[in-house]
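Some notes on the structure that comes next.
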Protein chains: 2
Amino acid sequence: MKSVDDVREAGGADRERAGAAAGTVAGAVPAGKHAGGRRPGETRTREAILDAARACFAERGFDTTSMRRIAEAAEVDQSLVHHFYGTKENLFLQALEVPLKMPQVLAAAAEGGRDGVGERMVRAHLALWDDLSTRPALMTMVRSASVHRVAAARLRETATTILADALGNVVTGEDAVLRSNLIATQLIGLAMMRYIAVLEPLAAADTDTVVRYYGPALQAIVEG
Amino acid sequence: MKSVDDVREAGGADRERAGAAAGTVAGAVPAGKHAGGRRPGETRTREAILDAARACFAERGFDTTSMRRIAEAAEVDQSLVHHFYGTKENLFLQALEVPLKMPQVLAAAAEGGRDGVGERMVRAHLALWDDLSTRPALMTMVRSASVHRVAAARLRETATTILADALGNVVTGEDAVLRSNLIATQLIGLAMMRYIAVLEPLAAADTDTVVRYYGPALQAIVEG
DNA sequence: GTCTATAAATAGATAGAC
DNA sequence: GTCTATCTATTTATAGAC
């Protein structure tokens, strides 16, 4: 598993921020140091639930994942899941939040001109899917896009906004937006077959091999 | 909607065959003409249920589709669905049966040598998805592949057996199987974004345009 | 903040009358 | 072959004790 930079999105709009360090535990917090802020222990449980939800949704999709299962995975009571996130729908929305690093990584890959941009995009995409801090949200999105309206909308949004924006300076000329769509199509297809359908030998192939063969396919569309 | 040849698979193993013409209705059957065969009226209801199931599964996926909903779509009682197909799982299996014409159409597209095979494959694939007699089964397969083991297996099988077989004489040399995987990846990605996620402007683009831009991308992998 | 208990809806599946 | 009625399990979600 390759590791990309450790930039993560703030998450849901109503998510509290940890005071300073990420590893803050209940017992390590100085007494009387939380005026108006969160009470110690709360955030940890809340995040544990969200992480568990992401993992479950990523692995089994929206419908197949029950609130009970998420609670079990987070090792908390079922009612706590509702207490923190209300409905299953809302929890799913939070789990869908795409890590901020995604547009950054893809934009970085699109830099550097037209030459070899196909291979760089494939490599960046694989890096995001092989990174354990970004994979669950991506997997949740793609896996549920077929049956959940919001996940599908998020997928479209990712394909257009993020990808088309990143490729804005690279894919130019006639039908530029359509061609960007087709590049996104190739990348989503790759995720689908390699990580979800687990098609062999593709799923077991190493990154370099995939980049070598698939990069030129993206490049063909970049060139128009 | 373009129409491909009208070859359809026999369906499930336990499916009865219609006597002669497809349009046979109860009243039009000669009396005493069904010794040991099916009783009139049965087949029609049975097929209506299967068609309705395919339509529902195609549109909403496995989990979201209830037996009651299928019964409603077929305009029959719920218990009839169980009567004919037993479990929901079994009905889903029947609905997944990929039309026989699929491998035929793809094999035909692969004929004619390496030149322009990318464009021919894209065009054949789009024809299958735009044909109302094949689309529901394909849609059912791809839409549920993310959450249903059997659908995923069918997708893998389609990608390897059917596609790799068709491309056997075209994709040769180093990593031929992996490259066939990547071609299937592109086609499934296309179906996913154009027909399921409905990404614009891709979904609204006409066939020729998609073929023109996407064909060379497949060709790049064929060439290696 | 965390738990027990349960409401309310819906699912798949079956029995049996006709 | 077709319908009514119902069983059983599971789901999301909430109320309320501590």
Side-chain angles (χ1 to χ4, degrees), chain A residues 14-16 18 24-27 29 34 36-50 52-53 56-57 60-95 144 147-148 150, chain B residues 14-16 18 24-27 29 31 34 36-50 52-53 56-57 60-95 144 147-150:
Chain A
D14 55 343
R15 173 109 66 94
E16 291 99 331
T24 316
V25 199
V29 176
H34 40 79
R38 67 178 175 87
R39 282 168 298 287
E42 179 187 348
T43 295
R44 199 40 231 146
T45 303
R46 198 185 166 91
E47 285 186 354
I49 292 174
L50 183 57
C56 290
F57 285 138
R60 328 219 346 154
F62 179 79
D63 292 310
T64 317
T65 300
S66 69
M67 294 293 261
R68 281 173 169 81
R69 189 183 199 91
I70 293 171
E72 193 180 355
E75 294 182 297
V76 302
D77 191 89
Q78 187 220 158
S79 61
L80 273 187
V81 183
H82 282 105
H83 177 67
F84 282 119
Y85 292 96
T87 67
K88 181 183 180 184
E89 184 77 15
N90 182 56
L91 176 54
F92 183 66
L93 293 191
Q94 310 288 333
S144 296
V147 284
H148 200 290
V150 179
Chain B
D14 54 343
R15 174 107 66 94
E16 292 99 332
T24 316
V25 199
V29 176
H34 39 80
R38 66 174 176 88
R39 282 168 299 287
E42 177 188 348
T43 295
R44 196 42 229 147
T45 303
R46 198 186 166 90
E47 284 187 353
I49 292 173
L50 183 56
C56 290
F57 285 138
R60 329 217 348 150
F62 179 79
D63 291 310
T64 316
T65 300
S66 70
M67 296 292 262
R68 282 172 169 84
R69 189 185 199 91
I70 293 171
E72 194 180 355
E75 293 180 301
V76 302
D77 191 272
Q78 188 220 157
S79 61
L80 273 186
V81 184
H82 282 106
H83 177 67
F84 283 120
Y85 293 97
T87 67
K88 181 182 180 184
E89 185 77 16
N90 182 55
L91 176 54
F92 183 66
L93 293 191
Q94 310 288 332
S144 295
V147 284
H148 200 289
R149 306 168 45 259
V150 179

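Since we're looking at a predicted model, the values are computed, not measured. In the text below, chain A, chain B and the rest are named by the order of the sequence lines, each starting its count at 1.
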Angle class for the B/Phe57/B/Phe62 ring planes (parallel below 30°, perpendicular above 60°, tilted otherwise)?
parallel

[X] has a side chain; which of [options] sits nearest to it?
X: A/Phe84; options: C/dT4, C/dG1, C/dT14; result: C/dG1
X: A/His83; options: C/dT4, C/dG12, C/dT2; result: C/dT2
X: B/Leu80; options: D/dT6, D/dC3, D/dA15; result: D/dC3
X: A/Asp77; options: C/dT4, D/dT4, C/dT2; result: C/dT4

What closest approach, in Å, do A/Ala74 and A/Ile49 show between heavy atoms, and which atom pair accounts for it?
CB-CA, 3.9 Å

Residue pairs fulfilling side-chain hydrogen bond (donor to acceptor under 3.5 Å, both in side chains) with at least one residue in residues 71-82 of chain B, sequence neighbours excluded:
B/Asp77-B/Ser79

Nearest whole Å is fine: how far is [N] [atom2] from [X] [atom1]?
X: A/Lys88; N: D/dT11; atom1: NZ; atom2: P; result: 9 Å
X: B/Glu72; N: C/dT10; atom1: CD; atom2: P; result: 13 Å
X: B/Tyr85; N: C/dG12; atom1: OH; atom2: P; result: 17 Å
X: B/Phe57; N: C/dG12; atom1: CZ; atom2: P; result: 9 Å
X: B/Gln78; N: C/dT14; atom1: CD; atom2: P; result: 11 Å
X: B/Met67; N: C/dA13; atom1: CE; atom2: P; result: 6 Å
X: B/Glu75; N: D/dT2; atom1: CD; atom2: C1'; result: 15 Å
X: A/Ile70; N: D/dT10; atom1: CD1; atom2: C1'; result: 15 Å

Run the side chain to side chain contact (heavy atoms under 4.5 Å, CB included) check on B/Asp63 and B/Val147 step by step: do they pass?
CA-CA 8 Å; B/Asp63 291 310; B/Val147 284; 4.0 Å; yes

Stepwise, does the side chain to side chain contact (heavy atoms under 4.5 Å, CB included) test hold for B/His148 with B/Glu89?
CA-CA 10 Å; B/His148 200 289; B/Glu89 185 77 16; 3.1 Å; yes

Can you list the steps and then say if B/Leu50 with B/Phe84 is a side chain to side chain contact (heavy atoms under 4.5 Å, CB included)?
CA-CA 10 Å; B/Leu50 183 56; B/Phe84 283 120; over 6 Å; no

B/Thr87: which residues meet the side-chain hydrogen bond (donor to acceptor under 3.5 Å, both in side chains) condition with it, sequence neighbours left out?
none

What is the nucleic acid contact for B/Thr65, judged by heavy atoms within less than 4.0 Å: base, sugar-phosphate only, or nothing?
sugar-phosphate

Please state whether the phosphate of C/dT2, meaning OP1 or OP2, lies under 4.0 angstrom from any side-chain nitrogen or oxygen of A/Ser79.
no

Wobble G-U and Watson-Crick pairs count when both distances are under 3.5 Å; given that, what is the 5' to 3' dot-bracket string of DNA chain C, with | for pairing to other strands?
||||||||||.|||||||

